[in-house]
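Below, chains carry the letters A, B, ... as their sequence lines are ordered, and counting in each starts from 1. Predicted, not measured: the structure shown is a model, and the values here were computed from it.
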Protein chains: 2
Amino acid sequence: MATDELMTRALEMLGDDGPLSVEAIHRLTDLADVPESMTIAEVADLLDISPHTLRYYERAGLVEVARDGNGHRVYDAQAVRRLVFLTRMRLSGMPMRDLQHYISLVDAGQHTTPERLDLLIEHRDTIRRRIRELTLSLTAVEYKIATYGGSTGPDVQSLDTADRTALPYEPPRRAALPAD
Amino acid sequence: MATDELMTRALEMLGDDGPLSVEAIHRLTDLADVPESMTIAEVADLLDISPHTLRYYERAGLVEVARDGNGHRVYDAQAVRRLVFLTRMRLSGMPMRDLQHYISLVDAGQHTTPERLDLLIEHRDTIRRRIRELTLSLTAVEYKIATYGGSTGPDVQSLDTADRTALPYEPPRRAALPAD
DNA sequence: CTATGGCTTCGAGCGCGCTCGAACGCAAAC
DNA sequence: GTTTGCGTTCGAGCGCGCTCGAAGCCATAG
């Protein structure tokens with residue numbers, strides 16, 4: 001129930017533009033079909049990060065990865081799933097520090113689930129705040145775009161410029177607006 | 001018209017939590033009542049950044065600021081308005097580089113408005129992408145929170161855990177979910 | 001048999017955006 | 001007259017998250 005609702009809400013947000021949504025849906029869905037084991041290049045490709053970064057994450061203690069006969073990394077399904085999670089968290093702005101803490105809790109065992117939940121909830125709230133911040137900035141930028149131009153305004157016609165009437169009438173330089 | 005619409009949309013987003021909205025609305029509205037001139041401390045306070053950062057922005061060529069008899073900075077209304085803008089752009093993730101470029105266009109005169117508009121539009125799209133990214137991550141985190149716990153789940157009851165029925169029934173360790 | 005290519009480890013380096021410290025100046029308060 | 005406090009300039013340093021390069025190993029291709 002809640003899940004469907006969440007998914008739906010998220011997918012609704014995508015409607016507008018194309019490029020992102022493809023990888024994005026990928027990220028949401030490919031938890032299902034993770035191969036038995038993968039090479040570093042394959043994982044890097046999957047997560048759209050560099051092998052360097054993958055090695056860096058391992059050095060940072062975020063995942064343990066087995067080696068094959070040649071000493072090459074072999075990522076099992078669990079490691080990949082963890083990396084999907086980690087990548088998502090990084091992408092949404094969780095610091096390495098916190099991720100290291102979280103992982104240490106995971107490795108510490110079942111009894112740490114409450115604390116892990118706290119961390120997740122905290123991060124959720126951080127994301128929400130950030131979205132609100134960005135939405136506000138977006139509004140400001142949209143406003144600026146809409147009221148931009150005055151004398152010169154080639155792209156502006158496509159936007160609603162009617163509300164410039166609310167401003168002091170002064171074609172070349174606006175008065176109540178930032179001078180830029 | 002469009003303005004009201006934008007504002008309304010932005011303000012709608014705030015409803016939930018308190019702390020951010022206060023400063024946020026501030027940022028949107030205080031363009032109106034900017035004093036004649038301000039000290040560095042006052043501006044720093046207004047923008048919620050450090051005097052150090054203000055000096056840094058000046059060194060970076062983003063604003064010119066006059067000095068008084070003692071060599072102290074005197075921010076006039078125009079400088080403050082520009083800094084409000086700059087701070088907003090920084091907050092929404094525009095790199096210093098781009099801001100420097102933008103400001104150089106502003107200082108180059110009226111004929112650069114089309115290019116400035118391009119930059120603004122580009123940044124608007126960047127913000128939109130970022131919001132969609134974050135919304136997706138948010139959904140993932142919310143999903144994880146909702147399906148978390150299993151045996152141990154004190155905070156989980158407050159959330160809808162009904163859809164765990166969609167997962168393989170396995171109390172202590174989940175199967176189809178990331179093992180963390 | 002030698003390339004070529006992809007992997008390994010290790011430590012160093014980098015780009016970004018601040019952030020700070022040192023050494024100093026001026027002015028009002030005690 | 002000294003102390004307190006806020007400002008100045010300048011250059012260096014820092015925290016973050018990668019990112020890269022060197023030197024070497026191994027396997028397959030030509």
Residue [X], side-chain atoms from C-beta onward, closest of [options]:
| X | options | value |
| --- | --- | --- |
| M96(B) | dA27(D), dG17(C), dT8(C) | dG17(C) |
| R73(B) | dT8(D), dT9(C), dG21(D) | dT8(D) |
| A41(B) | dT8(D), dA27(D), dG7(D) | dG7(D) |
| H72(B) | dT19(D), dG25(C), dT8(C) | dG25(C) |

key: 5′-ward residue of the pair S50(A)/H52(B) relative to DNA chain D   =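 That would be H52(B).
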
request  = Could you check R55(B) against T53(A) and say which one's nearest nucleotide on DNA chain D is further toward the 5' end?
outcome  =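 Closest to the 5' end, via its nearest nucleotide, is R55(B).
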
Write down the distance between [atom1] ([X]) and [atom2] ([N]), rounded to a whole number of angstrom.
| X | N | atom1 | atom2 | answer |
| --- | --- | --- | --- | --- |
| M38(A) | dG6(C) | CE | C1' | 16 Å |
| L83(A) | dC18(D) | CG | C1' | 15 Å |
| I49(B) | dC18(C) | CD1 | P | 8 Å |
| L54(A) | dG17(D) | CG | C1' | 14 Å |
| I40(B) | dT19(C) | CD1 | P | 14 Å |

inquiry  = When you compare the side chain of F85(A) with that of M89(A), does any pair of heavy atoms fall below 4.5 Å?
reply    =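 Side chain of M89(A) against side chain of F85(A), heavy atoms only: contact under 4.5 Å found.
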
ask   = Is the shortest heavy-atom distance from the side chain of E58(B) to the side chain of E64(B) under 4.5 Å?
value =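 They are not in side-chain contact.
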
Below 4.0 Å: OP1/OP2 of dA27(C) and any side-chain N or O of N70(B) =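 Yes.
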
task = Using a cut-off of strictly less than 4.0 Å, decide whether R90(B) has a side-chain nitrogen or oxygen near OP1 or OP2 of dG17(C).
result =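 For dG17(C), OP1 or OP2 has a side-chain N or O of R90(B) closer than 4.0 Å.
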
ask   = Quick one, which residues of residues 56-69 of chain B touch DNA chain D with a heavy atom under 4.0 Å?
value =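 Listed by number, they are R59(B), R67(B).
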
L83(A) versus T87(A), closest heavy-atom pair with distance =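 Distance-wise, the nearest heavy atoms are O-OG1, 2.6 Å.
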
task = Run the numbers on E142(A) and R128(B) for side-chain contact (heavy atoms from CB on, under 4.5 Å), then give the verdict.
result = CA-CA 11 Å; E142(A) 282 173 340; R128(B) 285 183 180 165; 2.8 Å; yes

request  = Identify whether any heavy atom of P95(B) sits under 4.0 Å from a base atom; if not, whether one sits that close to sugar-phosphate; answer base, sugar-phosphate or nothing.
outcome  =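 Sugar-phosphate, no base atom in range.
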
ask   = Is D107(B) paired with R82(B) through a side-chain N to carboxylate O contact shorter than 4.0 Å?
value =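 Judged by the 4.0 Å cut-off on N to carboxylate O distance, R82(B) and D107(B) do form a salt bridge.
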
Which donor-acceptor pairs under 3.5 Å do the side chains of residues 36-45 of chain A make with protein atoms, sequence neighbours left out?
from: T39(A); atom 1: OG1; to: A41(A); atom 2: N; distance (Å): 3.4
from: T39(A); atom 1: OG1; to: E42(A); atom 2: N; distance (Å): 3.2
from: E42(A); atom 1: OE1; to: T39(A); atom 2: N; distance (Å): 2.8

request  = Mind checking side chain to side chain contact (heavy atoms under 4.5 Å, CB included) for A66(A) and listing every partner two or more places apart, or none if nothing turns up?
outcome  =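 If we apply the side chain to side chain contact (heavy atoms under 4.5 Å, CB included) test to A66(A), skipping adjacent residues, there are no hits.
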
